[in-house]
**Student:** 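Quick one: the structure is below, and I'll ask about it shortly.
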Amino acid sequence: MAQRATDLPAIEAEIERIRSLGLDALRARWRSMFGAMPPMALTKDLIARMMIYRIQEEAFGGLDRSTRKLLDGMAQGEKPGTDVRRRLKAGTVLVREYQGERHTVTVVADGFVWQGTTYGSLSTIARAITGTAWGGPRFFGLRSANSKQEDQEPDEPTAKPKQAGRVGTSRGRRRDRISEVQA
C-alpha cells in the first residue's frame with residue numbers, strides 16, 4: 001500500500017494521549033472513532049491497543065492482502081505454513097531418488113518435465129516412477145504425509161510419454177521368490 005503523508009510527532013502524541021486515558025474516556029473516544037460503544041468484555045489495554053492500531057492504519061495504511069488472507073484463515077482454524085497449493089516457479093528442479101535411481105523433474109510454465117516429456121501434474125510422474133498411486137507433491141517432498149487428499153492436483157498429462165512402454169511400470173529391481181523344495 002502507498003504510504004500516506006503523515007506527521008509522525010502528531011501521531012506519537014495521539015498514541016501517548018490514548019495510553020493516558022482512563023477506561024470511561026477510552027470508551028467515549030472509541031465511540032467517536034468507531035461509531036459505537038466498545039464491547040463490554042474488552043479491557044482497557046485492548047481498547048487502547050485497537051484504537052492505536054486504527055490511528056496507525058489510517059496514517060500508514062492497513063495490512064496487505066496476503067496478510068489479511070493468512071489472518072482470516074487462522075481465525076477459521078487453519079494452521080499457518082500448511083498451504084498445500086505451493087506455487088513453484090518455472091525453472092525449479094525437483095530431485096528424488098527412488099530405488100537407487102535419481103529422478104529429476106523441472107517445473108515449466110505449463111507443467112512438469114520428466115525424461116523429456118511434459119506432464120500436467122507431479123502425481124502422474126510419481127505414478128510412472130513407482131508404479132503405485134503416490135501423490136506427486138508428497139512423493140517429491142512438497143507435502144507432509146498428513147496433508148489433505150482433497151487438495152491434490154488433477155492427474156491429466158499434457159502430453160503422452162515418448163516411451164510409452166516404461167510409463168506405469170515398476171522401475172525397481174524385480175525380486176523373485178525362491179522357495180526351497182525338500183525331497
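Along the sequence shown, residues carry numbers from 1. On a predicted model such as this, the values are computed, not experimentally measured, just so you know.
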**Student:** Should Leu94 and Val113 be regarded as members of a common hydrophobic cluster, given that ILVMFWY residues are connected when their side-chain heavy atoms come within less than 4.5 Å of each other, either directly or indirectly?
**Tutor:** no
**Student:** Using every non-hydrogen atom in the two residues, find where Ala126 and Gly136 come nearest and quote the distance to one decimal.
**Tutor:**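 Closest pair (atom of Ala126, atom of Gly136, distance): CB-CA, 3.9 Å.
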**Student:** Do Ser123 and Phe112 come close enough that some side-chain heavy atom pair is under 4.5 Å?
**Tutor:** no
**Student:** Under the 3.5 angstrom rule, does the side chain of Arg96 hit a backbone N or O of Phe139 as a donor-acceptor pair?
**Tutor:** yes
**Student:** Distance check, rounded to the nearest 0.5 Å: Thr130 atom OG1 versus Ile125 atom CD1?
**Tutor:** 11.5 Å
**Student:** In Å and rounded to the nearest 0.5 Å, what is the CE to CZ distance from Met50 to Phe34?
**Tutor:** 6.0 Å
**Student:** Hey, is Arg49 close enough to Asp45 for a salt bridge, meaning N to O under 4.0 Å?
**Tutor:**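 Asp45 and Arg49: salt-bridged.
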**Student:** Going only through I, L, V, M, F, W and Y residues with side-chain contacts under 4.5 Å, is there a path from Met37 to Leu21?
**Tutor:** no
**Student:** Hey, any chance Ile11 and Leu26 share a hydrophobic cluster, counting ILVMFWY side chains that come within less than 4.5 Å of each other, even indirectly?
**Tutor:** yes
**Student:** If you look at every heavy atom in His103 and Ile129, which pair is closest and at what distance?
**Tutor:** NE2-CG2, 3.4 Å
**Student:** Are Leu8 and Ile55 linked, directly or through intermediate hydrophobic residues, by side-chain heavy-atom contacts shorter than 4.5 Å (ILVMFWY only)?
**Tutor:**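 In one cluster with Ile55: Leu8, yes.
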**Student:** Show your reasoning for whether side-chain contact (heavy atoms from CB on, under 4.5 Å) applies to Ile47 and Arg29.
**Tutor:** CA-CA 10 Å; Ile47 292 172; Arg29 179 72 192 270; over 6 Å; no
**Student:** Determine the minimum heavy-atom distance between Ala36 and Trp30, stating which atoms define it.
**Tutor:** O-CD1, 2.9 Å
**Student:** Should Val105 and Tyr119 count as side-chain neighbours, where that means a heavy-atom distance under 4.5 Å?
**Tutor:**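 Result no, sub-4.5 Å side-chain heavy-atom pair not found.
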**Student:** Look up atom CH2 in Trp134 and atom CZ in Phe140, then write down how far apart they are to the nearest 0.5 Å.
**Tutor:** 10.5 Å
**Student:** Walk me through whether Met51 and Glu14 qualify under side-chain contact (heavy atoms from CB on, under 4.5 Å).
**Tutor:** CA-CA 10 Å; Met51 290 171 57; Glu14 184 66 18; over 6 Å; no
**Student:** Could you check whether any side-chain heavy atom of Val107 comes within less than 4.5 Å of a side-chain heavy atom of Lys89, counting everything from C-beta outward?
**Tutor:** no
**Student:** To the nearest 0.5 Å, tell me how far Glu12 CD sits from Gln56 CD.
**Tutor:**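 Spacing of CD (Glu12) from CD (Gln56) equals 9.5 Å.
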**Student:** Check Arg27 against Leu42 and note the closest heavy-atom contact, atom names and distance.
**Tutor:**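 Shortest heavy-atom separation between Arg27 and Leu42 comes out as NH2-O, 4.2 Å.
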